[in-house]
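Reading through the structure tokens given below for one structure.
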Amino acid sequence: QVQLVESGGGLVQAGGSLRLSCAASGRTSSSYAMGWFRQAPGKEREFVGSIKWLSGNTYLKDYADSVKGRFTISRDNAKNTVYLQMNSLKPEDTAVYYCAAGLNLRGPYDFWGQGTQVTVSS
């Protein structure tokens, strides 16, 4: 089992920035793909972005079109932590953000965190 704990959510004004963290514990593996998802009230959960370490400093990354150029995913394998840097936030980015771990960049994801709330005010 892999346990995931997100942190860093909060309230921010439109145009602002937040950095989310996801700390993994348990049977972690640097070979896991780590993904970020979000779910807004009344909407389905949607993919935000993901990252998979290949070797050395080489990573595969994938982003949803809605966040490309604004959000950046990174990971620190030594700390078993993945980050989501969110810039130029918009009110439509308001959601609960979840991190997840799985074998492939686009899923399926087998392990999920509890989520952290991000609220962007206009």
Side-chain angles (χ1 to χ4, degrees):
Q1 289 289 331
V2 176
Q3 292 78 45
L4 302 171
V5 179
E6 303 94 336
S7 61
L11 174 64
V12 63
Q13 288 188 336
S17 298
L18 279 175
R19 189 177 81 154
L20 305 183
S21 299
C22 173
S25 61
R27 299 189 66 179
T28 61
S29 170
S30 56
S31 65
Y32 274 123
M34 299 296 294
W36 285 98
F37 294 78
R38 66 187 182 186
Q39 187 166 20
K43 295 187 177 181
E44 294 187 354
R45 185 172 60 197
E46 65 174 357
F47 171 78
V48 174
S50 56
I51 184 169
K52 185 173 176 66
W53 176 68
L54 296 181
S55 66
N57 290 322
T58 303
Y59 298 85
L60 285 177
K61 297 183 183 182
D62 192 16
Y63 295 96
D65 288 343
S66 59
V67 306
K68 280 181 182 176
R70 300 189 299 123
F71 291 10
T72 302
I73 292 176
S74 61
R75 67 189 288 170
D76 185 333
N77 287 336
K79 295 181 178 180
N80 290 322
T81 301
V82 63
Y83 306 96
L84 181 66
Q85 177 66 45
M86 305 186 294
N87 298 329
S88 302
L89 282 161
K90 305 175 181 180
E92 51 263 44
D93 294 318
T94 295
V96 177
Y97 283 71
Y98 300 90
C99 73
L103 294 179
N104 300 305
L105 203 62
R106 275 280 185 169
Y109 286 87
D110 302 305
F111 306 102
W112 293 83
Q114 294 299 307
T116 186
Q117 176 71 46
V118 172
T119 303
V120 184
S121 63
S122 57

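Here the structure is a predicted model, which means the values were calculated and not measured.
Between Asp93 and Lys90, no side-chain nitrogen of the basic residue sits less than 4.0 Å from a carboxylate oxygen of the acidic one, so the salt-bridge criterion is not met.
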Inset, instruction - Applying side-chain contact (heavy atoms from CB on, under 4.5 Å), run through Gln85 and Asn87 and close with a yes or a no. - result: CA-CA 7 Å; Gln85 177 66 45; Asn87 298 329; 2.9 Å; yes

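Linking Ile, Leu, Val, Met, Phe, Trp and Tyr residues whenever their side-chain heavy atoms come within less than 4.5 Å places Tyr63 and Met34 in a single cluster. The hydrophobic cluster containing Met86 does not contain Leu11, counting ILVMFWY residues as joined when their side-chain heavy atoms lie under 4.5 angstrom apart, directly or transitively. Cluster membership for Leu60 and Val48, using ILVMFWY side-chain heavy atoms within less than 4.5 angstrom, is not shared. Both Trp53 and Tyr32 are members of a single hydrophobic cluster when ILVMFWY side chains are connected at heavy-atom separations under 4.5 Å.
Not one N or O on the side chain of Tyr98 forms a donor-acceptor pair closer than 3.5 Å with the backbone of Gln39. No donor-acceptor pair under 3.5 Å is formed between the side chain of Gln1 and the backbone N or O of Arg27. Not one N or O on the side chain of Gln13 forms a donor-acceptor pair closer than 3.5 Å with the backbone of Ser121. A donor-acceptor distance shorter than 3.5 angstrom exists from the side chain of Lys52 to the backbone of Ser31, with no hydrogens or angles considered. In this structure, Tyr109 contributes its side chain and Leu105 its backbone to a donor-acceptor pair below 3.5 Å.
Summarising the local packing, NZ of Lys79 is surrounded by 12 or fewer heavy atoms from other residues, nucleotides or ligands at distances under 6.0 Å.
The salt bridge (charged side-chain N to carboxylate O under 4.0 Å, His left out) analysis of residues 40-51, with sequence neighbours excluded, yields the pairs Arg38-Glu46. Every pair passing disulfide (SG to SG under 2.5 Å) that includes a residue from residues 12-106 is listed here, sequence neighbours excluded: Cys22-Cys99.
Applying side-chain contact (heavy atoms from CB on, under 4.5 Å) to Leu89 and the options Thr119, Leu18, Val67, Thr94 leaves one that passes, Leu18.
The aromatic rings of Phe37 and Trp112 sit tilted, their planes meeting at an angle between 30° and 60°. The aromatic rings of Tyr97 and Phe71 sit tilted, their planes meeting at an angle between 30° and 60°.
Residues forming a salt bridge (charged side-chain N to carboxylate O under 4.0 Å, His left out) with Asp62 (at least two apart in sequence, or on another chain): Arg106.
Side-chain contact check for Glu6 versus Leu20: every heavy-atom pair is 4.5 Å or farther apart. Annotation: side chain of Tyr83 is not in contact with side chain of Thr72 (no heavy-atom distance under 4.5 Å).
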